There are 2 protein chains.
Amino acid sequence: MVQYRHARLDASFGALSDPTRRAVLLQLGRADASITDLADKFHMTLTGMKKHVIVLEQAGLVSTQKIGRVRTCKLGPRQLEAEIAWLESYRELWNARFDALDEVVQQLKQKEKNP
Amino acid sequence: MVQYRHARLDASFGALSDPTRRAVLLQLGRADASITDLADKFHMTLTGMKKHVIVLEQAGLVSTQKIGRVRTCKLGPRQLEAEIAWLESYRELWNARFDALDEVVQQLKQKEKNP
DNA sequence: TCTATACTGAACCATATGGTTCAGTATAGG
DNA sequence: CCTATACTGAACCATATGGTTCAGTATAGA
């Protein structure tokens, strides 16, 4: 059974609802990057990008480490299993609803044949 | 290739980031419901629930039909394929990053053995 | 026809979000 | 030591979000 009232889902789906943050995740999939790297790449101030990184970090989608002046961002630690599980369970529900609908349709067809 | 800058993803992940809306989806998976039904179930005003339904509707996760006084809400039409695809592609990226890391670790181990 | 029900829309509120600027602090490197 | 770089934090701004209340409109049913 999947957990539904889950603050982690709030955070991760919230983080994923912004296109810049989704793009940052994909970028980090290609290479680790500093805040400055990301800010340049996405035409945004350092401070602005920092906020996005904080959101991603709080959702567990990015981890960072500061060495000297530079804070390096990388993917992880979470792989979004819970989110995928939620979507899959939704898909099952959705299928169940429409299978049930099919059944009703079938029954109606039967009644048509044998009234 | 999955589409990344996609307004639909903004809408659906945004819709899913609220626990009430996730719960409403699950509820609709069990049975269609009027706005009043949902408002009662989630201890909220009609107007408040209406807003949630509008968000879900705009994300394509719920469809509604008004018959007489009653607006009935049900699942659909979207099954969240695009969202699942996005998360899966993220997972691949994530695995690739950590596989690459594994490789580096393996190479370091090799050098240890044959210095 | 009358009344209760079901919704709708506008207005309001507090807080969150996605950005900015500006003024720091800390460190790398000549 | 000096300066440029990299970040941090506070303050600000406009708009969005998640709720409310209140005043309608429209329809179901006695």
Side-chain angles (χ1 to χ4, degrees), chain A residues 4-28 31-74 83, chain B residues 4-28 31-74 83:
Chain A
Y4 297 127
R5 197 163 260 281
H6 199 325
R8 182 163 270 186
L9 290 179
D10 295 10
S12 48
F13 283 134
L16 293 175
S17 72
D18 182 83
T20 301
R21 285 193 294 263
R22 287 197 305 275
V24 164
L25 286 178
L26 298 178
Q27 180 55 37
L28 293 179
D32 297 352
S34 68
I35 310 268
T36 299
D37 292 342
L38 294 172
D40 288 353
K41 180 94 61 183
F42 295 99
H43 315 103
M44 190 177 295
T45 57
L46 252 189
T47 314
M49 182 51 72
K50 179 85 183 316
K51 287 191 180 184
H52 281 308
V53 168
I54 288 172
V55 171
L56 289 167
E57 217 175 350
Q58 285 173 345
L61 302 178
V62 158
S63 71
T64 72
Q65 188 187 12
K66 191 167 186 178
I67 299 176
R69 289 177 298 180
V70 180
R71 179 173 297 279
T72 300
C73 308
K74 62 179 176 186
E83 292 70 18
Chain B
Y4 297 125
R5 195 163 262 280
H6 199 324
R8 183 161 268 187
L9 290 179
D10 296 10
S12 48
F13 284 134
L16 293 175
S17 72
D18 182 85
T20 301
R21 284 193 295 263
R22 287 197 306 276
V24 165
L25 286 178
L26 298 177
Q27 180 55 37
L28 293 180
D32 296 351
S34 69
I35 310 268
T36 298
D37 291 343
L38 294 172
D40 287 353
K41 180 94 61 181
F42 295 101
H43 314 102
M44 189 175 298
T45 57
L46 253 189
T47 314
M49 182 51 72
K50 178 87 185 311
K51 287 191 180 185
H52 281 308
V53 169
I54 287 172
V55 171
L56 289 166
E57 216 175 352
Q58 285 174 343
L61 302 178
V62 159
S63 71
T64 72
Q65 189 186 11
K66 191 166 186 177
I67 298 177
R69 288 179 298 181
V70 180
R71 180 174 296 280
T72 301
C73 309
K74 61 179 176 185
E83 292 69 18

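Remember, predicted model here, so these are calculated numbers, not experimental data. Just so we're on the same page: letters track the sequence lines, and every chain starts at 1.
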Spacing of CG belonging to A/Asp10 relative to OG belonging to A/Ser12, to within rounding of 0.5 Å: 8.0 Å
Side chains of B/Arg21 and B/Val55 in contact at under 4.5 Å (non-hydrogen atoms): yes
Proximity to the side chain of A/Leu46 - top-ranked nucleotide from D/dT8, D/dG19, C/dT20: D/dT8
Phosphate-side-chain proximity, B/Arg71 and C/dT8, N/O vs OP1/OP2 below 4.0 Å: yes
Residue met sooner reading DNA chain C from 5', once A/Ser17 and A/Arg69 are mapped to nucleotides: A/Ser17
Sugar-phosphate only, base, or nothing, as touched by A/Thr47 at under 4.0 Å among non-hydrogen atoms: base
Protein-nucleotide distance (B/Ile54, atom CD1; C/dA10, atom P), rounded to Å: 11 Å
Paired stretches of DNA chain C - 3 or more consecutive Watson-Crick or G-U pairs, each distance under 3.5 Å: C:1-30 with D:1-30
Candidates C/dT8, C/dA4, C/dG19 - which lies nearest the side chain of A/His52: C/dG19
Sugar-phosphate, base or nothing in reach of B/Ile35, heavy atoms under 4.0 Å: sugar-phosphate
Considering all heavy atoms, the nearest B/Leu38-B/Met49 contact: O-CE, 3.5 Å
B/Lys66 NZ - D/dA26 C1' separation (whole Å): 7 Å
Gap between atoms CG and C1', on A/Leu38 and C/dG18 respectively (whole Å): 16 Å
Presence of B/Lys51 side-chain N/O under 4.0 Å of D/dG18 phosphate oxygens OP1/OP2: no
Sugar-phosphate, base or nothing in reach of A/Gly48, heavy atoms under 4.0 Å: base
A/Met44 side-chain proximity, nearest of D/dT27, D/dG19, C/dT20: C/dT20
Gap between atoms NE2 and C1', on B/His43 and D/dG19 respectively (whole Å): 16 Å
Audit row: A/Lys50, A/Leu46, side-chain contact (heavy atoms from CB on, under 4.5 Å) steps and yes/no: CA-CA 6 Å; A/Lys50 179 85 183 316; A/Leu46 252 189; over 6 Å; no
Listed nucleotide nearest any side-chain atom of A/Arg21, set C/dA11, C/dG18, C/dG19: C/dG18
Nucleotide nearest B/Val70 (side chain, heavy atoms from C-beta), chosen from C/dA26, D/dG18, C/dA6: C/dA6
Verdict with supporting geometry, B/His52 and B/Asp18, side-chain contact (heavy atoms from CB on, under 4.5 Å): CA-CA 9 Å; B/His52 281 308; B/Asp18 182 85; 3.6 Å; yes
Between P of C/dG9 and NZ of B/Lys50, the distance in whole Å: 5 Å
Toward the 5' end of DNA chain C, by each residue's nearest nucleotide, A/Asp18 or A/Gly68: A/Asp18
Note, B/Leu26 side chain near B/Arg22 side chain (heavy atom, < 4.5 Å): no
Whole angstrom value for the distance that separates C1' of D/dG18 from CZ of B/Phe42: 15 Å
Step-by-step side-chain contact (heavy atoms from CB on, under 4.5 Å) determination, A/Leu25 to A/Leu56: CA-CA 9 Å; A/Leu25 286 178; A/Leu56 289 167; 4.0 Å; yes
Between C1' of C/dT17 and CZ of B/Phe13, the distance in whole Å: 18 Å
Interatomic distance, A/Leu56 CG vs C/dG18 C1' [rounded to whole Å]: 13 Å
Derivation of the side-chain contact (heavy atoms from CB on, under 4.5 Å) call for B/Leu9 and A/Leu16: CA-CA 8 Å; B/Leu9 290 179; A/Leu16 293 175; over 6 Å; no
Minimum-distance nucleotide to A/Thr45 side chain [options: D/dA6, C/dA6, C/dT20]: C/dT20
